[in-house]
Amino acid sequence: MANSFRKLSWGLLLVLLDIRIAYFDVWPDVIGYGMMYFALQRLGAVRPAYGKAAGWAAAMAVVSLAEIWPGPSGFHADAPPSPGWIAFGGMLLLLKLLFMHQTFAAMERHAFDGALPAEAHVLRFRRRLYTGGQWLMLLALPFALNAPDESRMFAFVAVIPMFLLELMAVFTFRRAAHWQGRLSS
Amino acid sequence: MWLLAVLATACVWVGNYGYYLAHKLPDIVFLNHYYAFTPSPGRPMDLYYVTHRDSRRQLVTVQISEQVHWYVRGTSTYGDYGPYRLHKASLELIPQEGQLPTEALGTFREFRVWYSDGPSETVPIGEITFTPAEDLQGLPLETVQASSSSTGEHHHTLAAKQDVRLQSVAFSLHSRIADAFDMSVHRTMHEEVTVPFELKTGETVTIDGWFRFEPNDPRRMEAYMPEMRLRLEPAEGSASSGIRYWTQTFYKAPEPDKQGIRRLIEDRKGAERLGE
């Protein structure tokens with residue numbers, strides 16, 4: 001179980017890394033989501049709620065394949081994003097919101113049932129924080145379709161707290177690796 | 001709570017997409033250009049057009065006749081106005097050596113234009129008049145100093161190479177801009193000495209021209225390039241003979257705003273509907 005939580009944190013960390021050479025994603029997100037899928041599959045054998053989260057991870061892995069090579073049009077600095085890219089970005093955000101909500105909710109229940117109420121309480125707070133942040137991003141994204149170019153700087157600023165939330169999730173998964181031995185069941 | 005969040009998200013997405021569709025501009029809309037000038041070798045002519053911000057279509061060629069095509073030498077973004085983008089395309093009318101073909105002389109209200117993605121169409125462009133070039137050899141004046149700005153302020157100082165009489169001055173596009181274009185031709189340092197007057201060899205004349213469109217003047221949305229024609233006659237007692245003309249253009253780039261661009265697009269759409 002500890003290994004699965006570690007794998008989950010490494011998977012999310014790899015999703016956060018975005019290294020591109022000539023538009024090509026040399027470290028595609030599908031690898032990170034794949035690791036998270038297998039980790040959640042193994043945890044699903046212990047608690048079925050993780051299995052549901054694994055389903056969302058699989059969906060994220062498939063959808064993220066489109067990001068490997070979006071082509072120059074996906075990075076055209078002089079043009080605003082097309083409605084297609086906005087819709088795609090929205091779908092990614094929504095899927096990730098549902099995936100992380102499901103994962104955090106499964107962990108929260110797991111901690112509560114395992115007589116770790118303090119952890120369950122922290123997890124609930126972090127789940128709300130993360131999904132709230134992700135929802136705000138989902139709410140702001142369609143404005144990119146019509147907002148003036150000057151507002152792109154604000155969008156860049158908004159990415160920073162979101163990155164911090166992702167890091168919070170990474171450390172939450174790593175912390176869960178230490179539950180073993182403390183859980184009552 | 002969840003239902004409210006989902007509802008708010010749906011409203012924001014639908015609202016933004018609706019706004020995007022309502023302001024989508026599939027065509028290119030050209031601003032009105034009022035130019036009346038004599039093209040000279042190597043000197044570009046600017047055309048301004050509006051696209052939707054996410055359009056990749058660009059102007060590449062202007063066709064005047066079967067034989068005469070002008071290619072766009074450079075395009076730049078002039079400004080963004082809400083969902084629309086104004087582009088400036090520079091056309092080279094005459095290469096470094098050559099002259100304007102006779103088919104291109106005259107007044108044009110429409111150009112046939114070709115776009116980067118293949119299609120072509122005939123579009124209204126305002127009114128552009130190309131006049132034949134004067135013989136510049138042996139002109140009794142030469143430029144010693146010149147400055148101009150795209151906002152329409154111009155200052156030129158010319159020196160007389162021989163004694164000459166500056167008889168009269170006129171400028172094109174008079175009926176369109178007479179109330180908003182001021183010009184002054186006077187002896188340098190003596191503003192009270194205006195045409196007609198005589199210049200001795202080595203003396204200088206100052207030509208000032210400036211546009212003064214009011215802030216809400218719809219002509220701010222348009223590009224102007226009138227040409228001044230200064231009639232030169234031999235000075236009294238001069239050995240030279242014959243009447244010559246000194247020509248000088250004054251350029252005024254458009255100063256659009258969001259409402260003006262929107263109005264232009266609505267007007268063009270309305271005109272297209274009437275034409276159908």
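These numbers come from a predicted model, not from an experiment.
Within 6.0 Å of CZ on A:Phe38 lie no more than 12 heavy atoms contributed by other residues, nucleotides or ligands. Within 6.0 Å of atom NE2 in A:His121, 12 or fewer heavy atoms from other residues, nucleotides or ligands are found, so the atom counts as exposed in its surroundings. For B:Trp210, the CH2 atom is densely surrounded, since the number of other residues' heavy atoms within 6.0 Å is greater than 12. Within 6.0 Å of atom CZ in B:Arg212, more than 12 heavy atoms from other residues, nucleotides or ligands are found, so the atom counts as buried in its surroundings. Around the CD atom of B:Gln99, the shell of radius 6.0 Å holds no more than 12 heavy atoms that belong to other residues, nucleotides or ligands. A 6.0 Å sphere centred on CZ of A:Phe112 holds no more than 12 heavy atoms belonging to other residues, nucleotides or ligands.
Put simply, the side chain of B:Pro83 does not reach to within 4.5 Å of the side chain of A:Leu145, judged on heavy atoms.
Within the structure, salt bridge (charged side-chain N to carboxylate O under 4.0 Å, His left out) contacts touching residues 127-143 of chain A (residues at least two apart or in different chains) are A:Glu108-A:Arg127. Within the structure, salt bridge (charged side-chain N to carboxylate O under 4.0 Å, His left out) contacts touching residues 249-260 of chain B (residues at least two apart or in different chains) are B:Arg220-B:Glu255, B:Lys252-B:Glu255.
In terms of heavy atoms, A:Trp135 sits closest to B:Ala5 at NE1-O, 3.5 Å.
With rounding to the nearest 0.5 Å, the separation of CG in A:Asn146 from NE2 in B:His23 is 8.5 Å. Separating the CG atom in B:Asp54 from the CD1 atom in A:Ile86 is a distance of 10.0 Å, to the nearest 0.5 Å.
Scanning residues 115-128 of chain B against chain A with a 4.5 Å heavy-atom cutoff picks out nothing at all. Within residues 12-21 of chain B, the residues having any heavy atom under 4.5 Å from a heavy atom of chain A are, by residue number, B:Val12, B:Trp13, B:Asn16, B:Tyr17, B:Tyr19, B:Tyr20.
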